[in-house]
Q: 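So that we are looking at the same thing, I have put the structure below in structure tokens.
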Amino acid sequence: MAVGMAAPRALYACDPERSRGRLFAEPESPTRSAFRRDCDRVIHSTAFRRLKHKTQVFVFHEGDHYRTRLTHTLEVAQIARAIARQLGLDEDLTETLALAHDIGHPPFGHAGERALDTCLAEHGGFDHNAQTLRVVTALEHRYPEFDGLNLAWETLEGIVKHNGPLTDASGAAIGRYAGPGLPLGITEFNDVWNLELSSFASLEAQVAALADDIAYDAHDIDDGLRAGLFTVTDLRVMPLAADMIDDIDARYPGLDEVRRGAELVRELISYLIGAVVAETERRLGAARLNSVEDVRRHGHVLVAFPREAEKAEAGIKAFLKERMYRHARVMRVMGEAECILFDLFARYQRLPEDLPPEWLPTGQAAESETDRARRIGNFIAGMTDRFAITEHIRLFDSTPELR
């Protein structure tokens, strides 16, 4: 098969004709598959549009050319579709999961997530995957017959389990949730509709998860170079990057730094996509799967980097952690961003009338402290960086500039 051409639909791909359906029954679309319909619903959601002004690494006003959470998401979707196409998977479901994976992220990137997790520590904490599930099942208000987007079971499964099972067969939380336990947003919805938390998700979901890693690695290098946090030459400490830079310099002697960095990023993306496809095809060949249910029951991740690429990819993350995410400039701005969210959360708790009317409690029943805290958390999580800053300016005498 020629590189880039779509493989025939694989036996182990998710088939929209065999979807487990939606929580609320709806007539089928005469022109779109169930997964294409889900993808369109995500794109048209309010939460998706807000990604435009949510931080990836640099706050939106620091520069027009840095990634935002939206442009990161679009790059993840492009990479995910490229991998799915070569593996014969359902591209629409893969794209849906890539586009939806971060719509539960709060303002100010991971700094915002840390701040909300601290604010909600006594009320179940904050987890952006659980928040994404909450957005698409409850917080979007676009349809007359239900809250949320009423997405297909396979899409919800992928949103929750794209990084692997959340529990063991007995229902005990595992992995990152082994200590704190499963987030409330996930357990509450799973009581309504069982997402089979102890099994692996589809290959489409696994592809979206690896595409997220590839996009992070590539565009954070690109943004770090643009911000002057490091140079192309600094990247030579990573053997993979050093080899690629040597090849670029041999093919394009005297190339300026901007194009040199851009060529390196392209080479990295191509290498990592190729490595994932090759290793996944090897694992699928050994597993001899005949259905998506075989994928769920397989017991091991199937979409993965080979060992050499996994080591190289870990090296990229380690470099970025040291030279970018922990850079004094980035740490200072993110620390100030956390303070903005701490201030807002405390203010809304103390003076709930500062919330918009639609975010005030409804009905006569008394609201618990946890319900009130989570309602405030939902409001703040939906904010863009810009709106959070504007709210802080409205409510406080002094607001950090975040530069």
Side-chain angles (χ1 to χ4, degrees), residues 6-49 51 73-74 76-78 80-104 129 132-162 185-186 188-197 199-209 211 289-297:
R9 177 182 289 275
L11 291 173
Y12 38 72
C14 275
D15 184 349
E17 296 297 320
R18 299 182 178 182
S19 169
R20 299 192 192 184
R22 306 177 187 278
L23 185 59
F24 301 97
E26 295 184 64
E28 295 297 323
S29 169
T31 58
R32 296 172 293 167
S33 75
F35 302 149
R36 184 66 247 166
R37 199 177 188 185
D38 280 3
C39 193
D40 295 342
R41 288 184 175 187
V42 169
I43 290 171
H44 288 278
S45 68
T46 305
F48 184 77
R49 291 195 297 278
L51 296 178
T73 295
L74 296 175
V76 174
Q78 180 268 317
R81 286 196 73 131
I83 296 172
R85 186 176 303 119
Q86 294 184 61
L87 295 175
L89 305 179
D90 190 282
E91 289 186 47
D92 290 330
L93 177 58
T94 307
E95 182 181 10
T96 303
L97 295 170
L99 293 175
H101 84 282
D102 268 354
I103 61 175
N129 283 336
T132 295
L133 182 65
R134 189 177 289 110
V135 168
V136 301
T137 59
L139 296 181
E140 281 285 322
H141 298 153
R142 302 184 60 82
Y143 299 92
E145 297 175 340
F146 48 79
D147 289 337
L149 303 179
N150 199 31
L151 303 178
W153 186 91
E154 292 78 8
T155 301
L156 300 177
E157 174 206 33
I159 286 172
V160 170
K161 299 189 300 183
H162 59 274
I186 293 175
E188 289 171 351
F189 184 80
N190 200 64
D191 288 340
V192 175
W193 205 15
N194 183 8
L195 296 177
E196 300 177 2
L197 302 181
S199 68
F200 277 84
S202 65
L203 292 173
E204 287 82 358
Q206 295 181 39
V207 164
L289 308 173
N290 292 309
S291 70
V292 66
E293 293 305 322
D294 287 347
V295 173
R296 295 189 176 105
R297 292 191 297 261

Q: Could you go through Tyr143 and Leu149, starting from their C-alpha distance and side-chain angles, then the distance that decides it, and tell me whether this counts as side chain to side chain contact (heavy atoms under 4.5 Å, CB included)?
A: CA-CA 8 Å; Tyr143 299 92; Leu149 303 179; 4.0 Å; yes
Q: Hey, is the main chain of His44 close enough, under 3.5 Å, to the side chain of Arg49 for a donor-acceptor pair?
A: yes
Q: Would you check if Ser33 and Asp92 make a side-chain contact, meaning some heavy-atom pair closer than 4.5 Å?
A: yes
Q: Out of curiosity, Asp38 CG to Thr96 OG1, how far, rounded to the nearest 0.5 Å?
A: 5.5 Å
Q: Do Tyr12 and Ser291 come within less than 4.5 Å of each other through their side chains, counting heavy atoms only?
A: no
Q: With a 4.5 Å heavy-atom cut-off, do Asn129 and Ile159 have their side chains touching?
A: no
Q: What is the distance from atom CG of Leu97 to atom CD of Glu154, rounded to the nearest 0.5 Å?
A: 10.0 Å
Q: Could you tell me the separation between the CG atom of Leu203 and the CG atom of Leu87, rounded to the nearest 0.5 Å?
A: 7.5 Å
Q: Please test Asp15 against Asp90 for side chain to side chain contact (heavy atoms under 4.5 Å, CB included), starting from the C-alpha separation and ending with a verdict.
A: CA-CA 7 Å; Asp15 184 349; Asp90 190 282; over 6 Å; no
Q: Run the side-chain hydrogen bond (donor to acceptor under 3.5 Å, both in side chains) test against Asn290 and tell me which residues pass, sequence neighbours left out.
A: none
Q: If you apply the rule side chain to side chain contact (heavy atoms under 4.5 Å, CB included), what do you find for Gln206 with Phe200, and how did you get there?
A: CA-CA 9 Å; Gln206 295 181 39; Phe200 277 84; 4.3 Å; yes
Q: Taking only Lys NZ, Arg NE, NH1 and NH2, and the carboxylate oxygens of Asp or Glu, determine whether Glu140 and Arg134 approach each other closer than 4.0 Å.
A: no
Q: Do Asn150 and Glu26 touch side chain to side chain, with heavy atoms closer than 4.5 Å?
A: yes
Q: Report yes if some heavy atom in the side chain of Cys39 is under 4.5 Å from a heavy atom in the side chain of Leu99; otherwise report no.
A: yes
Q: Find the distance between CZ (Arg297) and OG (Ser199) and round it off to the nearest 0.5 Å.
A: 9.5 Å
Q: Quick check against the 3.5 Å criterion: does Arg296 have a side-chain atom that pairs as donor or acceptor with the backbone of Ala201?
A: no
Q: State which residues pass side-chain hydrogen bond (donor to acceptor under 3.5 Å, both in side chains) with Glu188; sequence neighbours excluded, sorted by chain then number.
A: none
Q: Would you say Leu51 and Ile103 make side-chain contact, with heavy atoms under 4.5 Å?
A: yes
Q: Which of these, Arg9, Arg36, Arg81, sits in a side chain to side chain donor-acceptor pair (under 3.5 Å) with Glu91?
A: Arg81
Q: To the nearest 0.5 Å, tell me how far Leu151 CG sits from Thr137 OG1.
A: 9.0 Å
Q: Kindly compute the distance separating SG (Cys14) from CZ (Phe35), expressed to the nearest 0.5 Å.
A: 5.0 Å
Q: Identify the heavy atoms of Ser19 and Ala152 that sit nearest to each other, and give their distance.
A: OG-CB, 3.8 Å
Q: State, with a plain yes or no, whether a side-chain heavy atom of Leu23 is found less than 4.5 Å away from one of Phe189.
A: yes
Q: Closest approach of Val292 and Ala13, non-hydrogen atoms and distance?
A: CB-O, 4.2 Å
Q: Let's go through Glu196 and Asn190 carefully: what are the C-alpha distance in whole Å and the side-chain angles of both, what is the deciding distance for side chain to side chain contact (heavy atoms under 4.5 Å, CB included) to 0.1 Å, and is it a yes or a no?
A: CA-CA 8 Å; Glu196 300 177 2; Asn190 200 64; over 6 Å; no
Q: Sub-3.5 Å donor-acceptor pair from the side chain of Lys161 to the main-chain atoms of Leu156, do we have one?
A: no
Q: What's the shortest heavy-atom distance between Ala205 and Gly158, and which atoms?
A: CB-CA, 3.7 Å
Q: Does the cation-pi check pass for Arg41 over Phe48, that is, NZ or CZ under 6.0 Å from the six-membered ring centre and within 45° of its axis?
A: no
Q: Could you check whether any side-chain heavy atom of Leu139 comes within less than 4.5 Å of a side-chain heavy atom of Asp147, counting everything from C-beta outward?
A: no
